[in-house]
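One structure below.
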Amino acid sequence: MELAGLRVALSLSLGHDIAEYGLAEDDLFSLGAEIVGKTVDAGGVIVFCGRLTDDGVTWAIADEARRRAGERVAFELLVPEIEYERHPITALHDIQARLGKTGKLVLVSSVGTAFTLDGPRFSVHDIDAASALTALRQLVARTTHSRVAVGGRATPGPNLEPGVVEECRLSLTRGAAVVAVGGYGGVSHTVGRTLYPDDYPRPSSTPLDFAIVGDAFVHALRTHGACASAVADGWGKSTRAALAHSRDPTVVAQAVMTALSKAPRTPTND
């Protein structure tokens, strides 16, 4: 299988401007399922940071991974301490049961320590939400080979980096390929436009002025993404065009597979 053993970090959430692209929540779910299904079929492992409550997207992709995985673990759900500490241990076991033998629930403390329900539980007092999320994202970046980004909300306010952007930046600093899907909007489109400006158009209308909101992360992505264009050149023109423009989930998912199969496999610290 062409992606055998590849650990793919998936950033997938509704973009703030998805309606501007003529799309809705169900379209995001469909694309997520297509990407997850094709990745798992090709031998890859999806690593996803999600919520424990049924927020729709988490279980849409987790259930798809379970249907495709056969007997192997193909989906890892990583949850930060600010999330898992709000749930009793019985609820955590119920979630692991729903994931089944092909999925793994991984709890990540606010200092970045990962553990499963079978291991010792780590907790930190006086949890800072932003630090906890950053520790989680750093762990994911260290333990995956590539990043796929779809959607994501912009964060209004000075010096606030959107979560998807932070995830992409951390992957880039490790030299991992970042496959940014542009046709579904959100900050993933902005990430793609920053890294590959010749391929991603600027929307004719957008509710936020990215020239103001995005200065800090645009600079960071350009600083750490020097080799990104060379990697994208290897994907081919048609693949880059599909990633930047297409809103057909089958077409986009196939373009993601092509990009992942041609990207360099960065060593992980798993």
Side-chain angles (χ1 to χ4, degrees), residues 5-13 36 39 44-55 57-59 61-62 65-66 69 72-149 152 155 159-178 217 220 224 265-270:
L6 189 77
R7 293 174 56 80
V8 180
L10 177 60
S11 301
L12 178 74
S13 60
V36 168
T39 300
V45 175
I46 294 291
V47 180
F48 184 72
C49 301
R51 295 183 177 180
L52 294 176
T53 52
D54 192 351
D55 64 347
V57 65
T58 297
W59 292 111
I61 62 175
R66 188 179 66 250
R72 69 184 182 89
V73 175
F75 182 81
E76 296 180 10
L77 175 59
L78 276 69
V79 180
E81 185 173 351
I82 55 172
E83 178 74 8
Y84 69 71
E85 277 295 308
R86 298 190 290 115
H87 297 267
I89 191 67
T90 53
L92 299 180
H93 280 286
D94 288 343
I95 290 166
Q96 178 59 72
R98 180 171 177 178
L99 289 173
K101 62 184 178 182
T102 61
K104 181 167 69 171
L105 176 63
V106 180
L107 309 179
V108 182
S109 77
S110 295
V111 293
T113 304
F115 59 99
T116 62
L117 291 177
D118 297 329
R121 185 163 179 166
F122 295 89
S123 295
V124 177
H125 297 294
D126 299 324
I127 301 169
D128 175 71
S131 297
L133 291 172
T134 293
L136 172 69
R137 292 162 181 158
Q138 289 172 335
L139 176 67
V140 172
R142 291 196 306 269
T143 58
T144 53
H145 300 102
S146 297
R147 166 84 56 183
V148 176
T155 305
N159 302 318
L160 294 177
E161 188 175 37
V164 170
V165 175
E166 182 179 36
E167 291 167 350
C168 291
R169 176 175 58 79
L170 290 169
S171 292
L172 280 168
T173 58
R174 295 194 63 256
V178 173
F217 72 73
H224 297 294
R265 190 170 293 204
T266 306
T268 64
N269 297 327
D270 53 0

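Quick note: numbers below take in every heavy atom, side chains included, and nothing from hydrogens, waters or symmetry partners.
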Measuring only between side-chain heavy atoms, which start at C-beta, is [X] closer than 4.5 Å to [Y]?
| X | Y | answer |
| --- | --- | --- |
| V108 | V79 | no |
| V148 | V8 | yes |
| T116 | L107 | no |
| V47 | L10 | no |
| R265 | L6 | yes |
| L99 | F75 | yes |
| L92 | L52 | yes |

side-chain contact (heavy atoms from CB on, under 4.5 Å) involving [X] - partner list, sequence neighbours excluded:
| X | result |
| --- | --- |
| S13 | V164 |
| A135 | none |
| E166 | T134, R137, E161, R169, L170 |
| A91 | H87, P88 |

### Message
Is it true that E81 and S110 share a donor-acceptor pair across their side chains at a distance under 3.5 Å?
### Response
yes

Non-hydrogen atoms of [X] and [Y] that approach each other most closely:
| X | Y | value |
| --- | --- | --- |
| T144 | R7 | CB-O, 3.5 Å |
| G50 | P80 | O-CD, 4.5 Å |
| L172 | V178 | CG-CG2, 3.6 Å |

### Message
The criterion is side chain to side chain donor-acceptor pair (under 3.5 Å); which residues satisfy it with E83, sequence neighbours excluded?
### Response
R86

### Test salt bridge (charged side-chain N to carboxylate O under 4.0 Å, His left out) applied to R174 - qualifying residues, sequence neighbours left out
none

### Query
With R147, which residues qualify under salt bridge (charged side-chain N to carboxylate O under 4.0 Å, His left out), at least two apart?
E167

Just verifying a value: how many Å separate [X] [atom1] and [Y] [atom2], rounded to the nearest 0.5 Å?
| X | Y | atom1 | atom2 | value |
| --- | --- | --- | --- | --- |
| Y84 | L117 | OH | CG | 10.5 Å |
| I95 | R51 | CD1 | CZ | 13.0 Å |
| S109 | E85 | OG | CD | 10.0 Å |
| E76 | K104 | CD | NZ | 4.5 Å |
| S131 | I82 | OG | CD1 | 10.0 Å |
| I61 | L77 | CD1 | CG | 8.5 Å |

### Task
Check V36, V140, T58 against F48 for a side-chain contact (heavy atoms from CB on, under 4.5 Å) and give me the one that passes.
T58

